[in-house]
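Data block below; observations after.
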Amino acid sequence: MAENEAKPALNFIEQIIEADRKTGKHDGRVATRFPPEPNGYLHIGHAKSICLNFGLAQKYGGVCHLRFDDTNPIKEEQEYIDSIKTDVRWLGFDWGRHEYYASDYFEQLHAWAVQLIQAGKAYVCDLTAEQTREHRGTLTKPGKDSPYRTRSVEENLDLFARMRQGEFPDGSRTLRAKIDMASPNLNLRDPVLYRILHASHHRTGDAWCIYPMYDFAHGQSDSVERITHSICTLEFENHRPLYDWFVRELGIFAPRQIEFARLNLTYTVMSKRKLLNLVQARHVRGWDDPRMPTISGLRRRGYTPEAIREFCRRVGVAKFDGVNDIALLEHCLREDLNKRAPRVMGVLRPLRLIIDNYPVDQTEELTAINNPEDASAGTRAVPFSRMLYIEQDDFREDPPRKFFRLAPGREVRLRYAYFVTCTDVIKDGNGEIIEIHCTYDPATRGGDAPDGRKVKGTIHWVSAAHARRVEVRLYDHLFTVPNPDDVENGKDFTSNLNPNSLEKLTESFVEPSLAGAAPGSRYQFERHGYFCVDPDSTVDAPVFNRTVSLRDSWAKIEKGQEAKPNQGETTL
RNA sequence: UGGGGAAUAGUGUAAUGGUAGCACGACUGACUCUGGAUCAGUUAGUCAAGGUUCGAAUCCUUGUUCCCCAGCCA
């Protein structure tokens, strides 16, 4: 047995669960839940919570419920419910029959409110929102009791019933818990339980005109579902005493709330409010813009669920409120895509290359490996002819130090094809290079020289006559700085938006094997990065998103050379 | 200046009184028909000061810094 192998480290929540199982709490049962409010799209931060909650249930043979926390009809919509379900499934999790809605419990919640009134623990308050705020006190000063705090049980019962009947306008009354207006925890200063909202709910329609607050709904919903471990983020830590108070006063099943640090990522924002702002202000195309940290954006960008899950596993779970490097997410993505993405050749910024000694009308098919990481992926034929496109970046008329690619007089390998030597450079009237000429060595067919000579560089290409013209969208970080919220006074996070986060290339060419590639399919464009077919694609006008670039050590060298330019060169 | 939390390499996370480890990043080098991948190596840390102890990241004391809370949002 592997009894003495080092156990993988447990995070603090797993430690709590294992301790509970050891003492036989809940008979060792584990039930968690993922409780989104359907008021926006899910993002990578939610993915952390989803992986945590569903992962714990899987690990300990328990269940994880999907519960929509839909207690505020003003902000919530069916569209969001649909997108959330799609995203959770896409991430690879299954809640089975355990799909619930806080709104399913409205009747029970109402009965519990009545129970609290009867016990003298809740009262109807006629203070306006502003007066309520004034009575609440401040962080350092205790609050004052509401003048309605001492109403009789009978009057409270009557008023609450009439609130439900719709006798009173929005905001005119609330139901409040009677706890302690002097508590240092503001959540315990007679929190509002119900507010009047004559709004139609996306599920209950017009059945209700009073709606429970989060605090009154969440814990009790957990209790109804017999959730054992109710995992939420740090900002709810202050709410735990209230969570426990309801459970205790009502005498119902008591789940345990545990708080962990939400995910933060460099070079992006994560709050729903800011994401919504980006969408509404049209800084991005929509919730699923490939630059967004939303699940739908990442999906469209070409991320895999596996990569996201692995990322969530690696960031860990703790109570430290820190920031994760987006480079880790990208690492997990490359790691996954490297194993599974078929390789193809695509030229993003084309430069014509003509092989002068290659027969004018000849075309031949060369064999290319589909995935060097996966022998079972096989090979494919790539057409080759006299006129090719190569990458503009792969040619320099005046090559810098350590540049291994094509330059006048230099010989390089065309991937899977031949060695070619540059013999001439053609420019237009403006001095722009428009075409280069080469000779090829027929003996190097396939890419190996029988005489054993080596070349420093191998570049990719497409045959001009056979290539498909496509649009390519290159993405960069949405923000130019690691922490977009770090702004000067008077500015907001949008001042850190990266103006170059999207670059569209409309003059790119890919090898013909890509014709008809389905939206969502992923490829590695050799030497560039991973790309996927965008849903905007049509048969005649394919669109590729760059999911993530390959690591580029030449770019680093070049950047280093820029940092310390050659002496003798002057800049005007 | 009330209350609740948190501090371990650049970043994230382990070590639960007994050798401070892992991952990402950065930097070397090897290899290579992708300047990819892979492999090898280097770099770098216990917030501070006291105390307890044979021994402290861990326990105690004091301090520092950061996060959260004054919605009829969640």
Side-chain angles (χ1 to χ4, degrees), chain A residues 8-11 15 35-37 39 69-72 74-76 125 127-129 132-134 136-143 170-176 183-189 191-197 211 213-215 217-218 232-241 259 261 266 272-273 311 314-332 334-335 338-339 343 345 368-369 372-373 402-405 413-417 419 446-448 454-460 482 524-529 549-558:
Chain A
L10 299 178
N11 65 51
Q15 290 175 23
E37 183 190 12
N39 69 340
D69 229 335
D70 56 350
T71 56
N72 185 355
I74 293 169
K75 293 187 177 176
E76 297 151 7
C125 180
L127 257 25
T128 64
T132 304
R133 192 184 327 121
E134 285 161 1
R136 188 154 32 228
T138 68
L139 294 177
T140 51
K141 282 200 289 277
D170 287 3
S172 59
R173 286 184 164 85
T174 56
L175 182 72
R176 295 226 260 161
S183 172
N185 181 341
L186 306 230
N187 294 121
L188 263 20
R189 320 244 261 227
V192 171
L193 271 35
Y194 271 88
R195 74 286 216 187
I196 301 173
L197 243 34
Y211 291 93
M213 298 289 290
Y214 164 84
D215 285 309
H218 200 97
C232 62
T233 44
L234 254 27
E235 67 270 26
F236 292 101
E237 219 155 8
N238 296 325
H239 293 246
R240 188 170 4 113
E259 310 84 12
T266 53
K272 276 192 201 172
R273 200 203 98 238
F311 170 72
R314 291 207 205 186
V315 296
V317 177
K319 296 193 71 159
F320 177 68
D321 186 20
V323 187
N324 280 92
D325 196 335
I326 198 164
L328 178 61
L329 213 211
E330 293 171 345
H331 167 83
C332 294
R334 291 189 183 104
E335 185 179 58
N338 177 49
K339 286 181 298 194
R343 272 60 168 173
M345 290 195 282
I369 294 166
E373 305 293 323
K402 292 188 181 172
F403 184 84
F404 299 157
R405 282 110 92 147
R413 174 188 296 110
L414 293 174
R415 178 84 157 148
Y416 298 125
F419 285 11
D448 286 304
K454 302 284 184 193
V455 286
K456 285 284 252 183
T458 298
I459 66 175
H460 61 273
Q524 183 196 105
F525 287 10
E526 291 212 27
R527 304 207 305 131
H528 277 301
S549 66
L550 252 21
R551 289 185 68 229
D552 186 351
S553 47
W554 164 242
K556 280 181 188 174
I557 294 170
E558 200 178 24

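Heavy atoms only: backbone and side chains are in, while hydrogens, waters and symmetry mates are out. Reminder, nothing fancy here: chain letters follow the sequence lines and each chain counts from 1.
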Pair of N/O donor and acceptor under 3.5 Å linking [N] base with [X] side chain:
{"X": "E373(A)", "N": "G36(B)", "result": "yes"}
{"X": "R343(A)", "N": "U34(B)", "result": "yes"}
{"X": "N238(A)", "N": "G5(B)", "result": "no"}

Given [options], the nucleotide with the shortest approach to the side chain of [X]:
{"X": "P184(A)", "options": "G35(B), G12(B), G2(B)", "value": "G2(B)"}
{"X": "D325(A)", "options": "U1(B), G10(B), U34(B)", "value": "G10(B)"}
{"X": "L550(A)", "options": "G35(B), U34(B), C73(B)", "value": "U34(B)"}
{"X": "K319(A)", "options": "G5(B), C67(B), C24(B)", "value": "G5(B)"}
{"X": "P372(A)", "options": "U34(B), G2(B), A74(B)", "value": "U34(B)"}

Exercise. When the aromatic ring centroids of H218(A) and H239(A) are compared, is their separation below 6.0 Å?
Worked result: no

With sugar-phosphate meaning primed atoms plus P, OP1 and OP2, does [X] contact a base, only sugar-phosphate, or nothing at under 4.0 Å between heavy atoms?
{"X": "G322(A)", "value": "sugar-phosphate"}
{"X": "Y211(A)", "value": "nothing"}
{"X": "Y416(A)", "value": "base"}
{"X": "A318(A)", "value": "sugar-phosphate"}
{"X": "M213(A)", "value": "sugar-phosphate"}
{"X": "I557(A)", "value": "base"}
{"X": "H460(A)", "value": "nothing"}

Any [X] side-chain N or O less than 4.0 Å from OP1/OP2 of [N]:
{"X": "R334(A)", "N": "G36(B)", "answer": "no"}
{"X": "R136(A)", "N": "G71(B)", "answer": "yes"}
{"X": "K556(A)", "N": "C27(B)", "answer": "yes"}
{"X": "R240(A)", "N": "C69(B)", "answer": "no"}
{"X": "R195(A)", "N": "A74(B)", "answer": "yes"}
{"X": "T71(A)", "N": "A74(B)", "answer": "yes"}
{"X": "R551(A)", "N": "A26(B)", "answer": "yes"}
{"X": "Q15(A)", "N": "A15(B)", "answer": "yes"}
{"X": "K339(A)", "N": "A37(B)", "answer": "no"}
{"X": "S183(A)", "N": "G3(B)", "answer": "no"}

With rounding to the nearest 0.5 Å, note down the distance linking [atom1] in [X] to [atom2] in [Y].
{"X": "I196(A)", "Y": "Y211(A)", "atom1": "CD1", "atom2": "OH", "result": "12.5 Å"}
{"X": "N72(A)", "Y": "Y214(A)", "atom1": "CG", "atom2": "OH", "result": "14.0 Å"}
{"X": "L414(A)", "Y": "H460(A)", "atom1": "CG", "atom2": "NE2", "result": "10.5 Å"}
{"X": "C232(A)", "Y": "E259(A)", "atom1": "SG", "atom2": "CD", "result": "5.0 Å"}
{"X": "T266(A)", "Y": "N324(A)", "atom1": "OG1", "atom2": "CG", "result": "8.5 Å"}

Exercise. Of H331(A) and F525(A), whose nearest nucleotide on RNA chain B comes first from the 5' end?
Worked result: H331(A)

Exercise. 5'-most contact on RNA chain B: D70(A) or R405(A), nearest heavy atom basis?
Worked result: R405(A)

For this session: State whether the aromatic ring of W554(A) stacks on the base of G35(B), taking stacking to mean ring centres under 5.5 Å apart and ring planes under 30° to each other.
Result: yes

Exercise. Less than 5.5 Å between centroids and less than 30° between ring planes, does F320(A) satisfy that with G12(B)?
Worked result: no

Exercise. Whole-Å distance between C72(B) C1' and L186(A) CG?
Worked result: 16 Å

For this session: Provide the distance between the two C1' atoms, one in C27(B) and one in A9(B), to the nearest whole Å.
Result: 15 Å

Exercise. Considering only the P atoms, how many Å lie between U52(B) and C60(B), rounded to the nearest integer?
Worked result: 15 Å

Exercise. So, is G29(B) syn or anti if syn means the angle is within 90° of 0?
Worked result: anti

For this session: Considering only NZ, NE, NH1 and NH2 on the basic side and carboxylate oxygens on the acidic side, decide whether R415(A) and E526(A) come within less than 4.0 Å.
Result: yes

